[in-house]
**Student:** 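I am attaching a structure below and will ask some questions about it afterwards.
All values below come from the heavy atoms of this structure, side chains included, with hydrogens, waters and symmetry mates left out. Order of the sequence lines sets the chain letters (A, B, ...), proteins ahead of strands, with each chain counted from 1.
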Protein chains: 2
Amino acid sequence: MKNLEIILENNQIKSTAMRLLVLQFILSKKTALSLSQLESYFDNADRTTIYRTIKTFVEKELVHQIDDGTGITKYAICEENCHCEIENDLHLHFHCTKCEETTCLTDYKIPKINLPEGFIAENINLVVKGICEKCNNLSSI
Amino acid sequence: MKNLEIILENNQIKSTAMRLLVLQFILSKKTALSLSQLESYFDNADRTTIYRTIKTFVEKELVHQIDDGTGITKYAICEENCHCEIENDLHLHFHCTKCEETTCLTDYKIPKINLPEGFIAENINLVVKGICEKCNNLSSI
DNA sequence: TAACTTCTGCAACAAGATTGCATTATTTTT
DNA sequence: AAAAATAATGCAATCTTGTTGCAGAAGTTA
């Protein structure tokens, strides 16, 4: 059994051709992907299939959903032991306004947030916008 | 001249019937509003007019735009001296998963965020999701 | 009043997200 | 292995949010 199949199995996802391809593509990318990016990469696959594939991945916690403030949902592979829903595990996301790519800064955890009395936090989303390392380097040449 | 008209004037916005009504409604709400909420409240007003009214408010910095992670943009009145665009002034937002309302926690500023070398932050968006005070109290009765 | 600017209402469109349904593929049961 | 049940896929269609173009109404200025 191949690596990809093992990953799917570990997440209780039955492997199909499409799922393997989508997984492979996501893994090959360092930045988070939007549905339309997947759609244009797999240009002879059906939109709906890709949509439902990614939705399955999210449900099975193989991929997490990122709202980077562009209005377009992005998806990225969960790190090992990523419990997307558990507060302490949340890392921050960076959206570059130049190359428009969204990066998971997995090692950069969200600091402890104080809330007014009575508010219960379940989830925290922190997106920093600016210039990413790559674009920053390019412009300084 | 009424209060509402003064507010508009202070922000270099000409007052019209619609603008006064929209402003009044926004002021009456403690939570941030979506366009569709405005639309359904003013159900005999035109979508576009409301859209452009709110857009004018945002441009003139009377209202700030909130991305609460639901994918639907919310709007709330700027506090006095709110420089929405200036990093240090950014407060955090709370989205209740029960009542689905988004609240500005104006007094809760975003903590300093560390970024990897080479990344330049221009803007930070922090949204906490969970149960708001109101829903929390209701459920504990 | 005429000329001009601004605001409003209607229609239309675009993109992203989502659903229903029929078909195909896969798995389970007999 | 065939039948039955379950799951995945492809296509069409829809919804929602956000947005623009344009014509007419309202208000302003000369």
**Student:** Could you state the atom-to-atom distance from CG of L21(B) to P of dT8(C) in whole Å?
**Tutor:**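 One finds 10 Å between P of dT8(C) and CG of L21(B), rounded.
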**Student:** So L4(B) and L27(B), do their side chains get closer than 4.5 Å, heavy atoms only?
**Tutor:**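 Side-chain contact under 4.5 Å: yes.
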**Student:** First and last nucleotide of DNA chain D in contact with chain A, 5' to 3', at under 4.0 Å to a heavy atom: what are they?
**Tutor:**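 First and last nucleotides in contact are dA7(D) to dA12(D).
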**Student:** If you round to the nearest 0.5 Å, how far is NZ of K60(A) from CG of N10(A)?
**Tutor:**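 NZ of K60(A) is found 13.0 Å from CG of N10(A).
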**Student:** Compare all side-chain heavy atoms of Y75(A) with those of H64(A) and state whether any distance is below 4.5 angstrom.
**Tutor:**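 Not in contact.
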**Student:** Compare side-chain N and O positions of Y51(A) against OP1 and OP2 of dA17(C) and report whether any pair is under 4.0 Å apart.
**Tutor:**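 Answer is no, no contact under 4.0 Å.
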**Student:** What residues from residues 36-46 of chain B pass a heavy-atom cutoff of under 4.0 Å to DNA chain C?
**Tutor:**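 The stretch gives D46(B) as the residues lying under 4.0 Å from the strand, ordered by number.
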**Student:** If I take atom NZ from residue K55(A) and atom CD from residue Q65(A), how far apart are they, to the nearest 0.5 angstrom?
**Tutor:**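 If we round to the nearest 0.5 Å, K55(A):NZ and Q65(A):CD are 9.5 Å apart.
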**Student:** Between K74(A) and R19(B), which has a closest nucleotide on DNA chain C that is more 5'?
**Tutor:**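 Closest to the 5' end, via its nearest nucleotide, is R19(B).
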**Student:** How many whole angstroms separate atom CD1 of I13(A) from atom P of dT27(C)?
**Tutor:**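 Atom CD1 in I13(A) sits about 15 Å away from atom P in dT27(C).
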**Student:** For residues 12-26 of chain A, which side-chain N or O atoms pair as donor and acceptor with protein atoms under 3.5 Å away, sequence neighbours left out?
**Tutor:**
unit_1: T16(A); atom_1: OG1; unit_2: R19(A); atom_2: N; d: 3.2
unit_1: R19(A); atom_1: NH1; unit_2: K14(A); atom_2: O; d: 2.9

**Student:** For Q12(B) and dC7(C), give me the distance from atom CD to atom P, rounded to whole Å.
**Tutor:**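 Taking atom P of dC7(C) as the reference, CD of Q12(B) is at 13 Å.
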**Student:** Does the salt bridge (Lys or Arg N to Asp or Glu O under 4.0 Å) test come out yes or no for E122(A) and K129(B), once each step is laid out?
**Tutor:** CA-CA 6 Å; E122(A) 286 169 351; K129(B) 291 194 187 187; over 6 Å; no
**Student:** Over all strands shown, is T73(B) touching base, sugar-phosphate only, or nothing at heavy-atom distances under 4.0 angstrom?
**Tutor:**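 Here T73(B) touches the backbone only, sparing every base.
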**Student:** Would you say K134(A)'s side chain and I131(A)'s backbone share a donor-acceptor pair under 3.5 angstrom?
**Tutor:**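 No: the side chain of K134(A) does not pair with the backbone of I131(A).
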**Student:** Just the rounded figure in Å: distance from P of dT8(C) to NZ of K14(B).
**Tutor:**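 For the pair K14(B) NZ and dT8(C) P, the rounded distance is 11 Å.
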**Student:** Does T48(B) make a side-chain donor-acceptor contact with the base of dC10(C), cut-off 3.5 Å?
**Tutor:**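 Flag set: donor-acceptor pair detected.
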**Student:** Which is true for R52(A) with a 4.0 Å heavy-atom rule: it touches a base, it touches only sugar-phosphate, or it touches nothing?
**Tutor:**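 Base contact - R52(A) has a heavy atom under 4.0 Å of at least one base atom.
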**Student:** In whole Å, I'd like the distance from the CD atom of Q65(A) to the C1' atom of dA17(C).
**Tutor:**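 Checked: the CD to C1' distance equals 11 Å.
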**Student:** Report yes if the distance between the aromatic ring centroids of F119(A) and F94(B) is under 6.0 Å, otherwise no.
**Tutor:**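 Distance test on ring centres: under 6.0 Å, yes.
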**Student:** Classify the nucleic acid contact of R47(A) as base, sugar-phosphate or nothing, counting any heavy atom under 4.0 Å across all strands shown.
**Tutor:**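 Base: the residue R47(A), judged by heavy atoms under 4.0 Å, touches a nucleobase.
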**Student:** Starting from P on dG16(C), measure out to CD1 on I50(A) and report it in whole angstrom.
**Tutor:**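 After rounding, the gap between these two atoms is 13 Å.
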**Student:** Does a side-chain N or O from K55(A) land closer than 4.0 Å to OP1 or OP2 of dT19(C), or not?
**Tutor:**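 It does, given that an N or O in the side chain of K55(A) lies less than 4.0 Å from OP1 or OP2 of dT19(C).
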**Student:** State, with a plain yes or no, whether a side-chain heavy atom of T73(A) is found less than 4.5 Å away from one of D67(A).
**Tutor:**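 In short, these two side chains do not touch, never coming nearer than 4.5 Å.
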**Student:** Quick one: label T16(A) by what it contacts on the DNA or RNA (base, sugar-phosphate, nothing), any heavy atom closer than 4.0 Å.
**Tutor:**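 Contact class for T16(A): sugar-phosphate only.
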